[in-house]
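These numbers were taken from a predicted model, which means no experiment stands behind them. Only this structure's heavy atoms are used, side chains among them; waters, hydrogens and symmetry mates stay out. Chain letters run A, B, ... following the sequence lines, proteins first, then strands; residues in each count from 1.
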Number of protein chains: 2
Amino acid sequence: MADSSGPPSGENLLFLTDDQLRKGIEAMFFAYRGFTADPDRILSEKGYGRAHHRAVHFINRSPGTTVNNLLSILGVTKQSLNRVLRSLIEDGLVESRIGKQDKRERHLFLTEAGEALERALSDAQRDRMRGAFRQAGPDAVSGFRQVLEAMMDAETRRHYKRLKEGGT
Amino acid sequence: MADSSGPPSGENLLFLTDDQLRKGIEAMFFAYRGFTADPDRILSEKGYGRAHHRAVHFINRSPGTTVNNLLSILGVTKQSLNRVLRSLIEDGLVESRIGKQDKRERHLFLTEAGEALERALSDAQRDRMRGAFRQAGPDAVSGFRQVLEAMMDAETRRHYKRLKEGGT
DNA sequence: CTTGGAATGTCAACAAGGCTGACATAATAT
DNA sequence: ATATTATGTCAGCCTTGTTGACATTCCAAG
């Protein structure tokens with residue numbers, strides 16, 4: 001159970017004690033609350049929720065993405081996603097275009113209003129992230145990303161890395 | 001909007017570009033899913049949810065804590081928490097003892113069954129965290145924690161630090 | 001001793017956002 | 001021709017959050 005079973009075998013493995021792990025767990029819990037707090041405020045003003053934020057974020061990230069693709073990134077059922085997409089389309093934030101090659105597919109795009117909402121949400125979230133990054137410094141940020149990446153499911157990590165290539 | 005407005009003023013501030021921030025945002029989203037995946041599986045087998053996990057975690061962390069204290073840590077309404085606590089008490093996982101000094105207060109403790117569930121949940125979650133920590137290494141873990149701490153709300157960070165002191 | 005307020009519990013109602021299952025439609029693939 | 005895929009939709013259920021109202025118990029101040 002604990003890591004107190006064996007000797008540290010040469011390396012310093014104190015960062016793997018149950019206590020260190022518990023701190024990491026609590027840090028994740030508390031930090032995620034901060035991470036979502038600012039967008040949540042904006043969203044609730046407009047009658048949306050976190051699910052709308054996610055949809056808008058990934059449509060903005062990959063304009064023209066299909067519903068199926070979005071489903072596999074978000075990891076929810078099509079019924080859940082559809083409820084969210086329907087309201088976004090009705091409110092004129094998202095446009096759904098029938099595919100040219102495969103007419104079964106719908107390609108999703110943000111309208112100008114959708115882009116405005118996305119910008120408001122990501123500005124708020126980036127401000128928080130920027131403050132944390134600046135405070136912690138570049139080396140800490142690198143470690144932060146390394147740990148988070150290692151915490152993902154293998155399949156999720158594929159999505160993350162595919163998206164990551166877009167930048168840099 | 002972007003950090004491309006001014007020169008990096010001597011330091012290397014490339015880690016604060018919008019693109020780096022976006023990657024951090026997506027890493028948080030994807031990693032949090034992995035972070036909760038293992039406990040979620042155990043919980044759903046037993047008919048519980050994430051809210052039960054949180055309650056059990058923090059009662060284990062601070063045995064004898066009051067309902068009010070738990071409320072301020074979890075950041076939910078008493079009605080939400082009460083629903084969760086009631087089911088845990090009914091199922092014999094949590095014991096609620098009337099306070100000795102102040103008999104209005106209820107002090108919460110895990111029963112043996114409650115401790116067993118807590119152990120199952122935290123073992124699963126620690127395994128994931130340990131794997132990520134080991135893969136990333138001690139310096140990365142330090143950075144991970146620095147960034148997460150800086151991302152919390154000020155009030156939340158107080159709770160986090162108070163809890164943190166318990167260990168070390 | 002009375003009264004105000006704090007801590008807690010509980011009831012009702014509601015909403016978001018997950019889920020499953022079933023079914024419909026259109027278009028592509030075999 | 002038939003099977004499969006992509007999508008949408010309806011109905012219903014669950015968890016977990018919310019608000020508002022009200023009861024109880026008890027400490028503490030007047």
Side-chain angles (χ1 to χ4, degrees), chain A residues 29 32-33 36-37 39-59 64-91 94-109, chain B residues 29 32-33 36-37 39-59 64-91 94-109:
Chain A
F29 170 64
Y32 198 78
R33 251 200 347 222
T36 54
D40 280 356
R41 263 187 293 275
I42 296 172
L43 287 158
S44 75
E45 280 169 19
K46 319 220 171 195
Y48 293 125
R50 236 173 251 184
H52 299 84
H53 185 183
R54 289 177 202 139
V56 162
H57 174 95
F58 286 109
I59 293 171
T65 187
T66 64
V67 173
N68 240 7
N69 187 26
L70 206 48
L71 279 177
S72 77
I73 289 175
L74 296 176
V76 297
T77 59
K78 64 174 180 171
Q79 293 92 329
S80 273
L81 177 58
N82 195 254
R83 184 168 32 198
V84 166
L85 281 182
R86 205 188 316 163
S87 70
L88 289 173
I89 291 169
E90 275 170 11
D91 297 353
V94 167
E95 196 190 341
S96 167
R97 298 185 203 149
I98 293 175
K100 284 182 181 174
Q101 290 106 7
D102 189 334
K103 292 178 188 167
R104 289 169 305 180
E105 293 183 337
R106 305 300 145 95
H107 298 277
L108 303 170
F109 299 87
Chain B
F29 170 65
Y32 198 77
R33 243 187 9 210
T36 55
D40 280 356
R41 264 188 292 274
I42 297 172
L43 288 159
S44 75
E45 280 168 19
K46 319 220 171 194
Y48 293 125
R50 237 174 251 184
H52 299 86
H53 184 183
R54 289 177 202 141
V56 162
H57 174 94
F58 286 109
I59 293 171
T65 187
T66 62
V67 172
N68 239 12
N69 186 24
L70 207 49
L71 280 178
S72 77
I73 290 174
L74 296 176
V76 297
T77 59
K78 63 175 180 173
Q79 293 91 331
S80 268
L81 177 57
N82 195 253
R83 184 168 35 201
V84 166
L85 283 181
R86 205 188 317 162
S87 70
L88 290 172
I89 291 169
E90 276 169 10
D91 297 352
V94 166
E95 197 191 340
S96 167
R97 297 186 204 148
I98 293 176
K100 285 182 181 173
Q101 289 105 7
D102 188 336
K103 292 179 187 167
R104 290 166 302 181
E105 294 183 338
R106 305 301 143 98
H107 297 276
L108 303 169
F109 299 87

**Student:** OP1 or OP2 of C:dG17 versus the side-chain N and O atoms of A:Ser80: is any pair under 4.0 Å?
**Tutor:**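 Looking at the OP1 and OP2 atoms of C:dG17, neither is under 4.0 Å from any side-chain N or O of A:Ser80.
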
**Student:** How many Å lie between CG on B:Leu70 and P on C:dA7, as a whole number?
**Tutor:**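 So the CG-P distance, B:Leu70 to C:dA7, works out to 15 Å.
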
**Student:** Over how many whole Å does the gap from B:Lys103 atom NZ to C:dA6 atom C1' extend?
**Tutor:**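 Nearest whole value for this atom pair: 17 Å.
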
**Student:** Mind calculating the distance between NZ (A:Lys78) and C1' (C:dG18) to the nearest angstrom?
**Tutor:**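 About 16 Å, once rounded to whole Å.
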
**Student:** Do B:Leu85 and B:Ile59 have side chains that approach each other closer than 4.5 Å (heavy atoms only, starting at C-beta)?
**Tutor:**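 Of all side-chain heavy-atom pairs linking B:Ile59 with B:Leu85, at least one is under 4.5 Å.
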
**Student:** B:Leu108 CG to C:dA7 P: how many Å, rounded?
**Tutor:**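 Rounded to whole Å, this separation is 15 Å.
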
**Student:** Where does the chain A footprint on DNA chain D start and end, counting 5' to 3' with a 4.0 Å heavy-atom cut-off?
**Tutor:**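 The footprint of chain A covers D:dT5 to D:dC10.
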
**Student:** Would you classify A:Arg83 as touching base, sugar-phosphate or nothing, given that sugar-phosphate means primed atoms plus P, OP1 and OP2, and contacts are heavy atoms under 4.0 Å?
**Tutor:**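 If one applies the 4.0 Å heavy-atom cut-off, A:Arg83 turns out to touch a base.
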
**Student:** Does the side chain of A:Arg50 come within less than 4.5 Å of A:Arg54's, by heavy atoms?
**Tutor:**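 Answer yes - side chains close enough.
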
**Student:** Please evaluate the base of C:dA26 for a donor-acceptor partner in the side chain of A:Arg104 within a cut-off of under 3.5 Å?
**Tutor:**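 Side chain to base: no pair below 3.5 Å.
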
**Student:** For B:Glu90 and C:dG9, give me the distance from atom CD to atom P, rounded to whole Å.
**Tutor:**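 In whole Å, C:dG9 P and B:Glu90 CD are 13 Å from each other.
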
**Student:** Which listed nucleotide (C:dT10, C:dG18, C:dA27) is nearest to the side chain of B:Arg86?
**Tutor:**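 Shortest atom-to-atom distance from the side chain points to C:dT10.
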
**Student:** Given C:dG9, C:dC11, C:dC19, identify the nucleotide with an atom nearest to the side chain of B:Asn82.
**Tutor:**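 Looking only at side-chain atoms, B:Asn82 lies closest to C:dG9.
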
**Student:** When only distance counts, do a donor and an acceptor, one from the side chain of A:Gln79 and one from the base of C:dG21, lie under 3.5 Å apart?
**Tutor:**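 For A:Gln79, whose side chain was compared with the base of C:dG21, there is a donor-acceptor pair (under 3.5 Å).
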
**Student:** First locate atom CG of B:Leu74, then atom CZ of B:Phe58, and finally report the distance between them rounded to the nearest 0.5 Å.
**Tutor:**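 The CZ atom of B:Phe58 is 6.5 Å from CG of B:Leu74, to the nearest 0.5 Å.
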
**Student:** To the nearest 0.5 Å, tell me how far A:Asn82 CG sits from A:Ile89 CD1.
**Tutor:**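 One finds 7.5 Å between CG of A:Asn82 and CD1 of A:Ile89.
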
**Student:** Do the rings of A:Tyr48 and A:His52 sit parallel, tilted or perpendicular, given the 30° and 60° boundaries?
**Tutor:**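 Aromatic pair A:Tyr48/A:His52 classed tilted.
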
**Student:** For A:Lys100 and C:dT28, give me the distance from atom NZ to atom P, rounded to whole Å.
**Tutor:**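 Taking NZ of A:Lys100 and P of C:dT28, I get 15 Å after rounding.
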
**Student:** Give, for atom OG of B:Ser96 and atom CG of B:Leu88, the distance between the pair rounded to the nearest 0.5 Å.
**Tutor:**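 It comes to 11.5 Å.
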
**Student:** Both B:Val67 and A:His52 contact DNA chain C. Which one's nearest nucleotide lies toward the 5' end?
**Tutor:**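 Whichever sits nearer the 5' end wins; that is B:Val67.
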
**Student:** Would you classify A:His107 as touching base, sugar-phosphate or nothing, given that sugar-phosphate means primed atoms plus P, OP1 and OP2, and contacts are heavy atoms under 4.0 Å?
**Tutor:**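 If one applies the 4.0 Å heavy-atom cut-off, A:His107 turns out to touch nothing in the nucleic acid.
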
**Student:** Rounded to whole Å, please give me the gap between CG in B:Leu85 and P in C:dT8.
**Tutor:**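 It is 11 Å, rounded to the nearest whole Å.
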
**Student:** Which comes earlier along DNA chain C counting from the 5' end, the contact point of A:Gly75 or that of A:Gln101, where each point is its nearest nucleotide?
**Tutor:**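 This one resolves to A:Gly75.
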
**Student:** A:Arg106 and A:Ile98: side-chain contact (heavy atoms from CB on, under 4.5 Å), yes or no, with the steps?
**Tutor:** CA-CA 5 Å; A:Arg106 305 300 145 95; A:Ile98 293 175; 3.9 Å; yes

